[in-house]
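Inspection log for the structure reproduced underneath, given as structure tokens.
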Amino acid sequence: MKQTVDILGIPFYNVSQNAFVDELFQLAIDEKRRFVVTANPEIVMHAQQDFEFNQIILQADYIVADGIGIVKAAKNIGKPLNGRVTGYDTMLGLLQKANEKKMRIYFIGAKPNVIEKLVEKVQKTYSDIEIVGARDGYFSASESKRIADDIAESKADFVFLALGFPRQEKWIAAHLQDFDKGIFIGVGGSFDVLSGETKRAPKILVKCNLEWLYRILSQPSRWRRALAIPQFMFAMNRQRKQG
Ligand code: UDP
């Protein structure tokens, strides 16, 4: 039984970043199929308002805490989590290990110029990885089935989807049954960061738990999305009071 911590009805897997990478990697070696959600407070709040999305993420094999807000909330209710487990660091950890074993990776998401740069960067940094597919994330619903068929044929060990939430999770849930194996994980804006298109917050800000603030300041159009953070804190306070 996986040990989880319930945050507003979402069961977060209690695991460290490194242990999680090791676990997913072993599952890939064993040719298993898994669906991973990396969730921050914004995703938790969205799940509260969108029943369909809520049901989708509850189908995932793993939901991990990609946000300091989740880690703090768990601590506040007396059920501490092991720390943040981010989509970005999970992807980097898996790429590193996949390189050692020459495994098969499929990338799907981000803008066409970003995915191009990402492929170049991955080929350069992880030269033993086999990139079995890479395409941008701007496709129509009618293309979805063809993409799923291509992934199934590619026999990818890892499929990273950077379509933003809730699109990436909805896509995985809709097609998961089509695949015999593969670790499917939604990684949000990670392709933009790994390709160098956008910068990740400076380490010092991450250390001070201010990565969220950096993201708002560097992309002011996100401010509306950041409103989810106080809403999340408010909802957690209520959960705590209700015991
Ligand atoms: N994106 C995409 N297809 C879309 C909409 C967005 O591939 O139809 C990509 C976008 O280019 C970006 C990522 O999804 O690379 C979303 O990044 P964001 O930082 O918004 O991730 P989130 O916080 O939503 O997980």
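Please read these numbers as outputs of a predicted model, since none were measured by experiment.
P41 places a side-chain heavy atom less than 4.5 Å from the side chain of I70. Two residues are said to be in side-chain contact when any heavy atoms from C-beta on lie closer than 4.5 Å; Y214 and L210 fail this criterion.
Between atom CZ of residue F25 and atom CD1 of residue I183 there is a gap of 10.5 Å, rounded to the nearest 0.5 Å. The CZ atom of F12 lies 14.5 Å from the CG atom of N82; values are rounded to the nearest 0.5 Å.
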For residues 31-38, which side-chain donor-acceptor pairs fall under 3.5 Å, sequence neighbours excluded?
residue, atom, partner, partner atom, Å
R33, NH1, L176, O, 3.3
R33, NH1, F179, O, 2.8
T38, OG1, G186, O, 3.2

Please report, to 0.1 Å, the donor-acceptor pairs under 3.5 Å made by any side chain of residues 114-130, with sequence neighbours excluded.
residue, atom, partner, partner atom, Å
K117, NZ, E197, OE1, 2.8
T125, OG1, K121, O, 2.7
E130, OE2, R104, NH1, 3.4

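A search for side-chain contact (heavy atoms from CB on, under 4.5 Å) contacts involving V5 returns I7, A74, I77, K79, L81, not counting sequence neighbours. Looking at residues two or more places apart in sequence or on another chain, you find a side chain to side chain donor-acceptor pair (under 3.5 Å) between D22 and K97. For Y138, the side-chain contact (heavy atoms from CB on, under 4.5 Å) criterion is met by K111, D136, not counting sequence neighbours. Contacts of K145 classified as side chain to side chain donor-acceptor pair (under 3.5 Å), with partners at least two apart in sequence or in another chain: D149. In this structure D150 satisfies the salt bridge (charged side-chain N to carboxylate O under 4.0 Å, His left out) test with no other residue, sequence neighbours excluded. Take H46 and apply the ring pair (Phe, Tyr, Trp, His ring centres under 6.0 Å) test, not counting sequence neighbours, and it matches F53, F165. For the side chain to side chain donor-acceptor pair (under 3.5 Å) test, no residue two or more places apart in sequence or in another chain qualifies with Q48. Among residues two or more places apart in sequence or in another chain, the ring pair (Phe, Tyr, Trp, His ring centres under 6.0 Å) test is passed with F160 by F107. In this view, N18 satisfies the side chain to side chain donor-acceptor pair (under 3.5 Å) rule with no residue, not counting sequence neighbours.
D89 and R200 are joined by a salt bridge, as a carboxylate oxygen and a charged side-chain nitrogen come within less than 4.0 angstrom of each other.
Counting only residues at least two apart or on different chains, the side chain to side chain donor-acceptor pair (under 3.5 Å) pairs with a member in residues 54-65 are E23-Y62.
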